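These notes concern the structure reproduced below.
These figures come from a predicted structure and were not determined experimentally.
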Amino acid sequence: VQLVESGGGLVQAGGSLRLSCVASGRTFGGDIMGWFRQAPGKERNIVGHFSWNSGSTYYADSVKGRFTISRDNAENTVYLQMNNLKPEDTAVYYCAIPVYWSGTHWSARYWGQGTQVTVSS
């Protein structure tokens, strides 16, 4: 399984970015695909996840109402649209699949290489 993210960059607070994640290697029809982020010196945390099968989504409280996950089935691509960005959104963003609950936190088996998002104040 390969996951390749793109779309990161530098943006001012209040701005928007759209991250893309292209998945390859097998079919993903029954899986949950997610976005995580890791800020310097902090743990990797889930941003949100998306079910290929049902289309249902989950978002962390910190991004709810600002971030949206969507997909392009034909291109096996998942997007993370980030609006009204804040400096505290600065992190390396990772896409991952399949996402699961470990009992204590969200995790995943396969990870992309990450893309840096920096939000200036």
Side-chain angles (χ1 to χ4, degrees):
V1 174
Q2 271 198 318
L3 302 171
V4 180
E5 304 101 334
S6 61
L10 173 64
V11 64
Q12 287 189 330
S16 299
L17 281 175
R18 188 177 80 158
L19 306 184
S20 302
C21 176
V22 179
S24 63
R26 63 179 178 91
T27 58
F28 302 98
D31 289 328
I32 295 175
M33 191 165 189
W35 288 94
F36 291 73
R37 67 185 181 184
Q38 186 168 20
K42 296 189 176 180
E43 295 182 346
R44 188 177 300 185
N45 291 317
I46 193 159
V47 173
H49 62 63
F50 177 93
S51 170
W52 282 104
N53 190 34
S54 68
S56 63
T57 53
Y58 161 87
Y59 297 99
D61 287 344
S62 58
V63 306
K64 206 172 291 184
R66 301 187 297 121
F67 290 13
T68 304
I69 298 175
S70 61
R71 67 179 172 183
D72 181 335
N73 284 347
E75 300 295 330
N76 241 21
T77 301
V78 174
Y79 303 99
L80 179 66
Q81 178 67 45
M82 306 184 293
N83 298 327
N84 190 22
L85 283 160
K86 304 176 181 181
E88 53 263 41
D89 295 318
T90 294
V92 178
Y93 284 70
Y94 300 88
C95 67
I97 194 170
V99 174
Y100 60 89
W101 178 249
S102 74
T104 57
H105 60 279
W106 291 102
S107 189
R109 181 174 180 186
Y110 300 106
W111 300 86
Q113 83 285 355
T115 185
Q116 175 71 45
V117 172
T118 303
V119 184
S120 64
S121 57

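Geometrically, Arg18 engages Tyr79 in a cation-pi contact defined by less than 6.0 Å to the ring centre and at most 45° from the axis.
With contacts defined as side-chain heavy-atom distances shorter than 4.5 Å, the pair Tyr59/Thr68 qualifies. Glu5 has its side chain within reach of Gln113: a pair of non-hydrogen atoms, C-beta onward, lies under 4.5 Å apart. Side-chain contact check for Arg109 versus Asp31: every heavy-atom pair is 4.5 Å or farther apart. In this structure, Leu3 and Met33 have side chains that are in contact, with non-hydrogen atoms separated by less than 4.5 Å. With a 4.5 Å cut-off on side-chain heavy atoms, His105 and Glu43 do not count as touching. The shortest side-chain heavy-atom distance between Ile32 and Tyr58 does not fall under the 4.5 Å cut-off.
Of the possible donor and acceptor atoms, one in the side chain of Asn76 sits under 3.5 Å from a partner among the backbone N and O of Ala23.
Taking each heavy atom of Ala91 and Ala39 in turn, the nearest pair found is CB-N, 3.8 Å. Of all non-hydrogen atoms in Ala13 and Ser121, the two that sit nearest each other are CB-CA, 4.4 Å. Listed here is the closest heavy atom pair of Ser16 and Asn83: OG-OD1, 2.9 Å.
One finds the CZ atom of Arg71 at 15.5 Å from the OG atom of Ser20 (value rounded to the nearest 0.5 Å). Residue Arg37 holds its CZ atom at 12.0 Å from CD of Gln116, rounded to the nearest 0.5 Å. Distance check: Tyr100 OH to Trp106 CH2 gives 11.5 Å after rounding to the nearest 0.5 Å.
Hydrophobic clustering (side-chain heavy atoms under 4.5 Å, transitive across Ile, Leu, Val, Met, Phe, Trp, Tyr) keeps Val99 apart from Phe50. Criterion: ILVMFWY side-chain heavy atoms under 4.5 Å apart, direct or through other members. Under it, Ile97 and Val92 are not part of a common hydrophobic cluster. Taken together through direct or relayed side-chain contacts under 4.5 Å among Ile, Leu, Val, Met, Phe, Trp and Tyr, Val1 and Val78 form part of one hydrophobic cluster.
Using a 30° and 60° split on the angle between ring planes, Tyr94 and Trp111 fall in the perpendicular class, above 60°.
A salt bridge links Lys64 to Asp61: one of the charged nitrogens lies within less than 4.0 Å of a carboxylate oxygen.
Under the 6.0 Å cut-off for aromatic ring centres, Phe67 and Trp35 do not qualify, their centroids lying 6.0 Å or more apart.
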Exercise. Please lay out, stage by stage, how Tyr93 and Phe36 fare under the test side chain to side chain contact (heavy atoms under 4.5 Å, CB included).
Key: CA-CA 6 Å; Tyr93 284 70; Phe36 291 73; over 6 Å; no
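When each of Asp89, Leu19, Thr90 is checked for a side-chain contact (heavy atoms from CB on, under 4.5 Å) with Val117, only Leu19 meets the rule.
The environment of CD in Gln2 is sparse: at most 12 heavy-atom neighbours from other residues, nucleotides or ligands sit within 6.0 Å.
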